[in-house]
Amino acid sequence: MDLELLQSISLAVSQVRTVETVLKMIVDGLVERAGMALARVWLPGPGDICSRCRMKSECADRSSCLHLAASAGRPLSGSADWSRLNGSFERFPRGVRKIGWIGSTGDSMLIEDSVAEPRWTLHPEWIREESIHGFAGHPLLFGGKILGVLGVFARARIDEQQFKWLRVFADQAAVAIANARAFEDIQSLQLRVELENDYLKSEVKESLGGFRGQSSALKELLGQIAQVAPTDASVLIMGESGTGKELVARAIHENSRRASRVLVKVNCASIPRDLFESEFFGHVKGAFTGALRDRVGRFELANGGSLFLDEIAEIPLELQSKLLRVLQEGEFERVGEERTRPVNVRVLAATNRVLKREMAEGRFRPDLYFRLSVFPIETPPLRRRQEDIVILAADFLSQAAKRLNLPVPRLTAENVRELCSYSWPGNVRELQNVLERALIICGGGRLSLSLAGSSSQQPALPRVTTRAQLAELERQQIVEALEKTGGKIYGQGGAALLLGMRPTTLSSKIAALRISRIAR
């Protein structure tokens, strides 16, 4: 081992831009090229493994430990795996034994003949069996901070000159680790900006516009938004499908102190059950099959801003406790990672279900309900906003005509009568879809709504009192829509447009209710 050889390893390491690869190249280079028997790097890390830590009785501060981050070696036995990161020495409390002492004091340590110094090792027999004679340990220092500890074991004596060369190598390794971390942070920030831009672009495409109307029900709703928006209180938005719960969330965010940051939306009904935790909190590479790279979760993406959890009642019961924890403590872990990450997010949740009934039937946690419903808001159905129907209809026709490059048709007295006599079970979303469909059909001519059941003889909707009745009614409506559209879900003339819901939501409901894609 000489200085020139160590510098060649350092040069190769310095060109790498991921911490994981930098650490691997450090230990591999010391073993394969410098002839060390064992090389390891310990870094400060989160995660409570005290139950299996062999040095827990010597630990004074559980929050200040060094975790084994990289390891490489050549055992004489040939059967041992010295690259694994668990085992007796996966963690050292600071100040405990030689690695903990180096990580605590920032001083280096040289043991020229390890056989003669058994007091510094937990397993003296290992020293003898593996013919270990020299040990050198150096702190990885950068910017006046201890980033970690480099420790090497040699089957030959390490002299003072080699010890100094390793000191230089450790300093260069610390710079490489710091640079790789900085590069990863930059990449993470770039990814976050890209994700936020994608969200903002999708928001522009999906937005239905602001609130329009003059009814007393709408004025009451706007008053509640004005009250709660400047605060950081969690808001539970309740109401029937299509009543504008997402618009309420957007209005709260845009009138809050978080308006300069992104509003991240999550449709809880469209997330597969086994991906909820990854969707919310993210995951690290290799956490599960298909996790090919680190992924930022929705909470981390919304940090500093607001998170809109639509259809909150669809979150599985076993995951509600993890959601409650991040709401209460402001911290989470990515799937497959022990590191705890702080987060500052305002949560706005929405549901069309009666959560008190869901709690009574054991499907929703009461503590999560009370944490979310600091300020409950109920969006009024369109049938309670009679004065707003014609105003909304004129706006939707104008917007659709501009988008489709068609002349704006005039609402006739017959159109107004039909609009105002219909009960609008799909609410504002249904009104928008009905008008857009009518505009396409009329092709610039006289507008004909042809609302089935718009007369006073319209049959009343069946009374729904149980979850099973709700599911069956929903199933019937989806089946009827699929029959009318020949099984088509997406685009113009699709069942999603007919039902007034997003295609992704409809696809999830079709799968959950086990409905054939093309109803027969």
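Throughout, residue positions are numbered sequentially from 1 according to the sequence presented. Please read these numbers as outputs of a predicted model, since none were measured by experiment.
Gln386 meets the side chain to side chain contact (heavy atoms under 4.5 Å, CB included) test with Ile389, Cys420; sequence neighbours excluded. The side chain to side chain contact (heavy atoms under 4.5 Å, CB included) search around Lys322 returns Glu277, Phe281, Leu319, not counting sequence neighbours. Lys145 is linked by a salt bridge (charged side-chain N to carboxylate O under 4.0 Å, His left out) to nothing, counting only residues two or more places apart in sequence or in another chain. Under the salt bridge (charged side-chain N to carboxylate O under 4.0 Å, His left out) criterion, Arg384 pairs with no residue at all, not counting sequence neighbours. With sequence neighbours excluded, no residue forms a ring-ring contact (aromatic ring centres under 6.0 Å, His included) with Phe183. A search for ring-ring contact (aromatic ring centres under 6.0 Å, His included) contacts involving Phe364 returns nothing, not counting sequence neighbours. Contacts of Glu378 classified as salt bridge (charged side-chain N to carboxylate O under 4.0 Å, His left out), with partners at least two apart in sequence or in another chain: none. Among residues two or more places apart in sequence or in another chain, the side chain to side chain contact (heavy atoms under 4.5 Å, CB included) test is passed with Ala249 by Ile237, Phe308, Leu348. Arg258 is linked by a salt bridge (charged side-chain N to carboxylate O under 4.0 Å, His left out) to Asp232, counting only residues two or more places apart in sequence or in another chain. Glu414 meets the side chain to side chain contact (heavy atoms under 4.5 Å, CB included) test with Thr412, Arg417, Glu418; sequence neighbours excluded.
Once rounded to the nearest 0.5 Å, the distance linking CZ of Arg353 with CD of Glu358 reads 5.0 Å. Rounded to the nearest 0.5 Å, atoms CH2 (Trp42) and CD (Glu90) are 12.0 Å apart.
When all heavy atoms of Ala400 and Glu436 are compared, the closest pair comes out as CB-CG, 4.3 Å. Taking all atoms of both residues into account, the shortest heavy-atom contact from Asn352 to Ser241 is ND2-OG, 2.9 Å. Between Ala233 and Val228, the shortest heavy-atom distance links the atoms CB-CG2, 4.3 Å. Minimum interatomic distance between Ala393 and Leu431 (heavy atoms only, all atoms of both residues): N-CD2, 4.2 Å.
With no hydrogens or angles considered, a side-chain donor-acceptor pair links Tyr422 and Glu430 at under 3.5 Å.
Legend: ring-ring contact (aromatic ring centres under 6.0 Å, His included) pairs involving residues 214-252, not counting sequence neighbours: none detected. Note on residues 370-391: no pairs pass ring-ring contact (aromatic ring centres under 6.0 Å, His included), not counting sequence neighbours.
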Practice task
Quick one: do Asp395 and Arg212 satisfy salt bridge (Lys or Arg N to Asp or Glu O under 4.0 Å)? Show the steps, please.
Solution key: CA-CA 8 Å; Asp395 273 357; Arg212 290 281 287 150; 2.5 Å; yes
Exercise for the section: Test Glu331 against Arg325 for salt bridge (Lys or Arg N to Asp or Glu O under 4.0 Å), laying out the working first. Expected result: CA-CA 8 Å; Glu331 60 184 30; Arg325 180 207 168 196; 3.1 Å; yes
Exercise for the section: List the steps, then state whether side chain to side chain donor-acceptor pair (under 3.5 Å) holds for Asn427 with Glu240. Expected result: CA-CA 8 Å; Asn427 294 294; Glu240 299 175 12; 3.2 Å; yes
Practice task
Would you sort out whether Arg341 and Glu333 count as a salt bridge (Lys or Arg N to Asp or Glu O under 4.0 Å), showing the intermediate values?
Solution key: CA-CA 6 Å; Arg341 298 171 181 264; Glu333 292 86 32; over 6 Å; no
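Atom CZ of Arg403 is surrounded by more than 12 heavy atoms from other residues, nucleotides or ligands within 6.0 Å.
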